[in-house]
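One structure, as structure tokens, below. Some questions next.
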Amino acid sequence: MESKRLKITALVFTILMSCIFSYVYAGNDTLRKFKIGVIGENPDKAITEFEPMANYIANQLKEFNVEGRKVVVEKDLNGMINKIKNQEVDIFFDTPFAICKIQEKTDMIPSMLVWKNGLMEYRTVFFVRKESPINKLTDLKGKIIVFEDPGSTSSYAIPKAELRKKGLTVAPEETKGLPANAVRYVFATGEMNQAFWVIQRKADVGAFNNGDWDELPEKVRAELKIIYETEPILRSLAAFHPHLPKKFRNAVEDILFSMDKSPEGKEALHSASRISKIERLTDDDLKSLKYVKDLMRFID
Amino acid sequence: MKVKLSISKKYAFYVSALGLVLLTVMLISVGIIVWKGADTLREKLREGTKENYKNNYEIMIINRATNFSNVIFNSLYRLDIESINRSIKNLKMPIKSALIADASGKVLTDGTSENPSFGTKLDIDFSLLKSRQSLITHTTEGYKVAFTIALGDHVAGYGELLFSDDPLKKALQQQDEIVFSMWKETLRRFTGIGLIGILSILFFTTFLGLLFSRRLASPLLKLRDATKSITKGDLQHRLEIQSTDELGELADSFNRMAEELLMTTVSKDYVNNIIKNMNDSLIVVSPDGNIKTLNQATLNLLGYTEYELLNQPIGIIFEDKELASQWAGLIDSMKESSLIVRNIEKIYLSKDGRRIPVLFSSSVICDPDGKIAGVVCVALDITERKAAEEELRKHREHLEDLVKKRTIELTKANEKLQEEITERKRAEETLQENEEYLKILLNSIRTGIIAVDADTHNILDINPVAAEMIGLRKEQILGLPCHKFVCPAEVGKCPITDLKQTVSLSERRLLKATGEQIPILKSVVPMMRKNKRYLLESFVDITELKQADEALRRSEEEAKRLAQENAIVAEIGRIISSTLNIEEVYERFVEKVRELIPLDRVSINFINHKEQTSTVVYSSGVEVEGRRLGVAIPLSGTIAQEVLRARSSLLFQGKDLKEIANRFPNMPPLIQAGFQSIMSVPLISKDEVISIFHFRSKKPNAYTVEHLKLAERVGNQIAGAIANVQLFIERVQAEQKAKSFEEQLRQSQKIEAVGRLAGGIAHDFNNLLTVIKGYSDLALIKLKEDDPLKGNLKEIQKASQRATDLTRQLLTFSRRQILEIKVINLNTLLQDLDKMLHRVIGEDIELVYLLSDPLGKVRTDPSQIEQMILNLAVNARDAMPSGGKLTIETANVVLDEIYTRTHIGVKPGRYVMLSVSDTGCGMSPEVREHLFEPFFTTKEIGKGTGLGLSTVYGIVKQSGGEIWCYSEPGQGTTFKIYLPSVEEEVTTLHHEEDDKGRLPQGRETVLLVEDEISVRGFAAQVLRENGYKLLEAANGDDALRMAQVYAGKIHLLLTDVVMPQMGGKELAGRLKTIQPNIKVLFTSGYTDNAIVRHGVLEPGSNFLQKPFSPVTLAQKVREVLDR
């Protein structure tokens, strides 16, 4: 009996090992594509932008039997989550908020800081009219704040979360039955519009990132003042699929970190939403990521 | 010249001219009417176009404004400024600009990203606008339309659009072109018609003129011809004019008059026949004394033609010229006394001057009024009669003279005969005495005397002295011909041919019996003795005298020659001492020599012993092919070679020439030139033949040994002098060159010294400016827009920027500026700079390019070269306040060793030349001397920094080039810049993308080492605020200690170059042992190229020039870290 059990066990083990070996062998020999995932309203445009980067990386991964590339575009986060779950994405580029959200759902590993347009981080600024008595966020009770649009991170998600984090009730302006001290919000569909809405008293306060603030015409900026700045928020991150082999991840990381050193790599980066360079995340970045995660608690 | 026109032609001309004038007046009138019409049409069309345009345009404007208002109402109502901006950007011409304001009139946006109009009040009458939809005003910029942006009663705001006038201008232009083309076409047609009209009128009027003239002038012409016939005596001539007008009556009257005249007039032919057949001369003289009529007999008598005498004064035919002047009185007296002159003798003068005696009669003829109408003169030729009378008179007088003469002769002959008889007796007595005396005398004097038969020239007698002189005895001599001894060369040429003749003392030759000839002084006296002719020849031996004379003559000639030579040598010495111009020395030297030695060509050839050539340095006279001035002739096969070999003069002439022609292959040109005498003299100085003096003459045997010696003597004199002059000139040239070099060196050293000083000052300035500029930039970033201090800070920022620019210019001048070297083509750079140059120099100055294509490439900093050209253009503009021409030229040049020897610092090679020339006021030598010195300016205070040209100098020098300035007051200025030409490919210039001045960030660790605490503080603040971790150190030692204890990685060392104790380079080297991968960025305010590029730092080192702004620092740090 003992011998029979042993035989059965040996057989099972043999079959299992064969399967494993077959899998590994077959896996090593099967040609695969390198897949980049991005979220975008216009898939064609996103593919055009990210294809040079995908090509550049794929061409250097021959030793991993990588042949070809694919840019996977989804219009929203949920779609991307599904793709990731189906292992259709190797690396995903997006804002810290999206990355954090996906990390919650898919165990994606954020490991790279993405510089965009020469900047790695930004802050959201809250501004009011120059002569406004509002000087801090808590003065906003019962006031109207103008955001850019519901899809904006720096000009909607972050300021809304920051206000909520301060204990303020924030709700759309048209919401009925709001308490008097609630901060009501409207959308102006543009940073410039936000500034004018505040100047023209259509709203009491506006919020967008410090870059947008710098780009306001000087005369317009002169009629406004900043009352609050959030902590720095990383502009963009990249996350690996958790199932990718470490060796493969390291190889992709090495390629990405050195892309800005060669003209072709630099061009490919710039094509992909004007990425300047990609670095490994540091402790400070992780702190910033923590701040984002903290804010996310206050985002719907 | 007065043109004689017939009456018919006059008629034709007047009628044609009148027609032409009328046509011209008509054409001008029509032309003016057409022109005025066209002008009026043009004005009307313009006005119409304007009006039409205005109406249509206003309608269009209103429509566009209304449409635009509708388009943006929604956006304005929603305060969607970005949408409004997009709408404004989509506006097309002719709309030039737009302003959108809110309901209060405050401008919200003008559609631009800078939005400078924001916050201003819209300048419109809102009350007026309330009653209308829109308001249109016309301004210099175009049509402005203000409109309300509203929906129903709800006013969202106001707008203002500016419409361009260009469509109107274009329409007017088109209108003008149409009118002009119409006018041109009309003018063309009008001109054609006018020409045809003119030709037609000319033809028609000429025809009319001829027609009229035939009708009017024909009877008159007939009348004229009839009058001429009657005048000529044809009294039968009658007029045939069939006309009932005044002309017909005139013809009838004329015919009647001719009939009456025929009846009452004696035939002129009859009278003429009488006069013609008269044998006597007949002349009719007018009261004023002129010949009116004469007959053929008169003409025959006097030899005149009728034409020659008619209307001539009567006096012309009289010998007595007073008769003419007395003619008037004579006439009067004849009138009073009715005198008739009869048969008085007068003398006529014929044409050939013969005197013709005539028997003259005259009578007065009077007209019916009793006035004297003329005098009829009749003359009978009495020449033959008068001649006979004269012959008779002469015969009689001759006979009387003969009788008188014969009587006197006979008387005189008797008296003479008596005197001769007495005299002969006395002579015979004294002759006897004299003969005795003479014999003694002849034998005693030391003069040879010979008596010679004058006919046979045989010696008849001889005195002892003469015989002694001949060397024979008297007996041997007598009877021999005289010419055997005396004047043997003059046989048959005896000077005495007449016994009255005497030959005074003359020098002759005496042939002695020995055959020797001796000079004698001889005189010959002829004499008659006993009817025989003798010649008495006396002579003395003058051999000794002649020898003495010859000796004296030779002595005098030698003295004269020597004096002349000495004078010339002295003159040559004076010439040499009076000038250093060797050409002038040659010229005047030869001029003097020419006085002594005949020549057709003279040349002085300089001998180059090293190259074995002879160069013609001077020549005069006949040109010889291949021997022209400056030609270097190989010595081989020349006479010069022979002169050099022999070191002595050579003289070839006559037969010698043919003989030596084969010896000297270079002789033929001389022989071909026709020279037959050749003399060459070496000019030796310090025992070396320095030149050869060649004399050539076309005369055979032109030169004597004396000439040769003279040429040698003069040559020896001049040789040393020429050598001295050449040495002196070489020394002066060497001194001048040395002086020029010294001056260039001094100038170069001065500018170098000033440059070092400027560079040193700039270093300290840069440190200070880094702090001032940096902190003001930082403060400006942090201050709010409305902060009152912001204005002050901006002023500080501007001032520090100006100071930075000045420092940069100083560094450029001192060649311590870091250059961004690129390979460029100056022509391309000038093309890119063209617009800016035009802006800089203004409209009054013409800019001309003379660009060489293809042009070599140069390695330099293009921005610096642009700056340089602009600086030169600005200076040129300021030098031409009333306008002028600025010429920019490029060319490929090669500067050879000759050029570089005279221009200090220039290396021989290929260069690209850039020349900037103006036609301005130019510069004085004093200004030129200080031209490139910093802070030297001739401009008014406040108009120039004095750094423009010093910057140019620095840029050129730092680019390895040279700059030269050529300028004279009033003659303009030219700067020539030479940059070394390179063969490399042109660097592609591209501009970095503007990142809008954002500060790049980072999180790396930076070790900042700076001994200037304020600079260090500023840099640390900038980097810290942009995310970097900072380690700060004041010197190299502190930095090393810090690096050793710091546990983490230091990514970047940012260090000053020049620091006490340990410099930046040493620090970087030692830090690499601790942090092998550390990147280094050097910074310094002292940017000496030699230190940065070739000394302290390695080529390719990262370097940041002070002063730097926060943006520059952040960008450079990021750049180095990302590299």
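Residue numbers start from 1 in every chain, and the chains themselves are labelled A, B, ... in the order their sequence lines are given, proteins ahead of strands. Quick caveat: nothing in here was measured; it's all calculated off a predicted structure.
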Under 3.5 Å, side chain of A:W197 to main-chain N/O of B:D80, donor-acceptor pair present?
no

Are there more than 12 heavy atoms of other residues, nucleotides or ligands under 6.0 Å from atom CG of A:D283?
no

Tell me the closest heavy-atom pair linking A:I199 and B:F118, and the distance in Å.
CD1-CZ, 3.8 Å

Neighbour count >12 (heavy atoms, 6.0 Å) for atom CG, B:D123
no

Does A:K225 NZ have over 12 foreign heavy atoms under 6.0 Å away?
yes

Under 4.5 Å from a heavy atom of chain B, the part of A:Q194 involved
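Neither the backbone nor the side chain of A:Q194 comes within 4.5 Å of chain B.
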
Contact part of B:E82 toward chain A, heavy-atom cut-off under 4.5 Å: side chain, backbone, both or neither?
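Both parts, backbone and side chain.
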
Counting heavy-atom pairs under 4.5 Å with chain A, the top scorer among B:D1122, B:T109, B:L79 is B:L79

Return the CE to CG distance between A:M192 and B:N85, rounded to the nearest 0.5 Å.
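These two atoms lie 6.5 Å from each other.
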
Under a 4.5 Å cut-off applied to non-hydrogen side-chain atoms, are A:K219 and B:T120 in contact?
yes

Residue pairs involving residues 260-269 of chain A (criterion salt bridge (Lys or Arg N to Asp or Glu O under 4.0 Å); sequence neighbours excluded):
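Of all non-adjacent pairs touching residues 260-269 of chain A, none passes salt bridge (Lys or Arg N to Asp or Glu O under 4.0 Å).
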
For the NZ atom on A:K287, are there more than 12 heavy atoms of other groups (residues, nucleotides or ligands in this structure) within a distance under 6.0 Å?
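Count not over threshold, so no.
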
Is the count of non-hydrogen atoms from other residues, nucleotides or ligands lying under 6.0 Å from A:Y291 atom OH greater than 12?
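Atom OH in A:Y291 is crowded, with more than 12 foreign heavy atoms closer than 6.0 Å.
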
Is the shortest side-chain heavy-atom distance between B:R1003 and A:D285 below 4.5 Å?
yes

So which atom in A:P217 and which in B:S113 form the shortest heavy-atom distance, rounded to 0.1 Å?
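Closest pair (atom of A:P217, atom of B:S113, distance): CG-O, 3.2 Å.
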
Among B:L108, B:D102, B:I84, exactly one meets side-chain contact (heavy atoms from CB on, under 4.5 Å) together with A:F196. Which residue is that?
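Considering B:L108, B:D102, B:I84, a side-chain contact (heavy atoms from CB on, under 4.5 Å) with A:F196 is found only for B:L108.
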
Minimal heavy-atom distance between B:N115 and A:V220, with the atoms involved, is ND2-CG2, 4.2 Å

